[in-house]
Amino acid sequence: MSRKPIVALVGRPNVGKSTLFNRLVGERLAVTHEIPGTTRDRLHGESFWNGVTFQVVDTGGIEVYQPRGSRDESPLAEGSRDFVKEIIEQALIAIADADAIILLVDAQTGVTAADEAIAEILRRSAKPVLVAANKIDDKAHEAEAFDFYALGLNVIGISAIHGLGVGDLLDALVQAFGSLPPEPGDDEADDHLKIAIVGRPNAGKSTLLNKLIGEDRAIVSDVAGTTRDAIDTEISYFAEKVTLIDTAGIRRRGRIEAGVERYSVIRAMKAIERADVALLVIDANLGVTEQDEHIAGFVIEAYKSLVIVVNKWDAVVKDAFTMSAFTDNIRDRLHFVRYAPIIYISALGGQRIHQVLEAAYRVWEARFLRMPTSDVNRLLREAVERHPPHAKGTKRLKFLYASQVRTDPPLILFHVNDPTQVHFTYKRYLENQFRAAYEFEGTPIRMSFRARESRRMPAVEQPGGE
């Protein structure tokens, strides 16, 4: 697979999914609490094990209804639908969208009706499924995992909070990745432009898609969250094939509800991974929101190019300064993607629609821009002369030489005396110098710093150096 596999953590509330998620991604990104249902949104993170990098998605608990007095009675039952229907719906969506699934269960509670219902659905799928029997906090509780073999799936006892058995779980997971079939569109020889249309619900993504393809291919509704699937549509742009990927809207944190929408974010993530360029559609009536920042962050983490599309601009009351002020606000809120072009459109009215594909094609071409090695070293030398890196203690960072080693996206390799001396602010400074000289519009620049013995070649001269 050319993209990173996606692993979904599923299960009842309060079985420890968020704790396992935090351990797998190495950060406390998910809020953990003893109250069932604490995780209200989907959080994603990247994990690495045995040479394999993959995405982990914390889905939040499957909130089910249980008859009063049952062994799995949930405090979240009020107002929910029949639990069997709800379990089947959510389990099927998880199966369809994730590459592998970890069903987390509470070993101390034992097998519940909800666990059995989820497992029954998972057994019928062709996806790799592992049962993680959590809360095996010491050897005295190891035997409690054995009961879950009744689910008919591979069971591994773990303690997410202490890390016991997590290595065994990851070994089995990585082994399962080897049996995954190739994803449609993973053909590396297929080098045409692929565009993912992403954004919050009801921002106008489907309307934009319909305008770009010239027909009502996607259902358009003013009810947020209408689009559930990632839909691929091929069009021709100046005789070149372009694939448009419409995605489900992503709600802001705290607003992703149980059910179908809870799993739709996985589809948006997969769409971004498959794309070259992402169109981030922003509702002009709302401005930049925290969720817009979150989506833009994921686009950059995936090293995809970005175009910011401000939709519904016709609905905004404007004067001579409105667009300039709006642009300043976007640059301030999305300061980490200042290089992304901004387009103001009305998808419904068709205003400036032609600029969308023009910008997408422009930033896609920037992904393949290659700088001559002589220019890279000249720009590096001039940048260091203007602003030498600060010394840490008695040791000073020295640049030996640099070159662009790949494209799509551009990757610059710096040979230095000590990579640990490179501060992230200096990385950003160097990036800005290269952007000022070359038009890497809308495209991230990757930079790698490698240690090399300074005696092998002279360092780039620096003011105040030896």
Side-chain angles (χ1 to χ4, degrees), residues 2-3 97 183-221 225-250 264-283 292 295-296 298-300 302-313 340-368 408-409 441-443:
S2 62
R3 63 174 178 82
D97 296 335
E183 181 79 8
D186 272 358
D187 184 2
E188 295 184 1
D190 187 8
D191 57 357
H192 71 280
L193 172 58
K194 293 174 282 295
I195 304 172
I197 305 175
V198 298
R200 297 177 64 259
N202 210 28
K205 299 182 299 301
S206 296
T207 304
L208 174 59
L209 174 68
N210 290 339
K211 282 294 181 182
L212 293 176
I213 64 179
E215 57 180 284
D216 291 337
R217 180 68 172 270
I219 299 174
V220 179
S221 170
T226 299
T227 303
R228 299 301 186 185
D229 296 301
I231 305 169
D232 289 12
T233 305
E234 289 188 1
I235 63 173
S236 178
Y237 180 72
F238 288 95
E240 296 285 341
K241 183 171 74 171
V242 176
T243 297
L244 301 175
I245 309 169
D246 187 24
T247 62
I250 307 175
S264 63
V265 179
I266 298 180
R267 294 171 177 168
M269 290 170 57
K270 291 174 71 173
I272 291 171
E273 289 283 357
R274 290 195 292 118
D276 304 298
V277 178
L279 303 179
L280 173 55
V281 182
I282 294 175
D283 189 333
D292 294 323
I295 299 169
F298 183 76
V299 172
I300 300 309
Y303 294 108
K304 305 301 181 179
S305 299
L306 178 67
V307 176
I308 300 171
V309 180
V310 182
N311 190 28
K312 307 180 185 181
W313 190 241
I342 303 173
I343 301 174
Y344 293 85
I345 71 165
S346 168
L348 186 63
Q351 297 173 8
R352 304 188 187 91
I353 290 295
H354 67 282
Q355 295 183 9
V356 175
L357 288 179
E358 290 175 0
Y361 208 88
R362 203 165 58 239
V363 302
W364 181 58
E365 290 181 324
R367 295 181 67 84
F368 300 92
D408 192 26
E441 183 184 20
T443 295

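Numbering starts at 1 and runs along the sequence shown.
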Polar side-chain atom of Asp408 near backbone of Arg367 as donor-acceptor pair, under 3.5 Å: no
Atom of Gly442, atom of Pro341 and distance for their closest heavy-atom approach: CA-CD, 3.8 Å
Donor-acceptor pair, side chain of Asn311 and main chain of Val281, under 3.5 angstrom: no
Basic-acidic side-chain contact under 4.0 Å: Asp246, Lys205: no
Least distance between heavy atoms, Ala366 atom then Thr443 atom: CB-OG1, 3.7 Å
Nearest-0.5 Å distance, CG of residue Asp191 to CZ of residue Phe368: 7.0 Å
Leu279 CG to Ile345 CD1 distance, which is reported to the nearest 0.5 Å: 8.5 Å
Closest heavy-atom pair and its distance - Val242, Ile195: CG1-CD1, 3.8 Å
Sub-4.5 Å side-chain heavy-atom contact between Arg274 and Lys194: no
Sidechain-backbone polar pair: Lys304 side chain, Glu273 backbone, donor-acceptor under 3.5 Å: yes
Side-chain touch Val299/Leu280, heavy atoms, less than 4.5 angstrom: no
Straight-line distance of Arg200 CZ to Asp283 CG, nearest 0.5 Å: 7.0 Å
Closest non-hydrogen atom pair between Ala271 and Ala196, with its separation: O-CB, 3.9 Å
Rounded distance (nearest 0.5 Å) linking atom CG of Leu208 with atom CG of Leu348: 11.5 Å
Separation between NZ of Lys211 and OG of Ser346, rounded to the nearest 0.5 Å: 8.0 Å
Side-chain donor-acceptor contacts of residues 349-364 below 3.5 Å, not counting sequence neighbours, with atom names and distances?
residue	atom	partner	partner atom	Å
Arg352	NH1	Tyr344	O	3.0
Arg362	NE	Glu441	OE1	2.7
Arg362	NH2	Glu441	OE2	3.3

From CD1 (Ile300) to OG (Ser305), nearest 0.5 Å: 8.0 Å
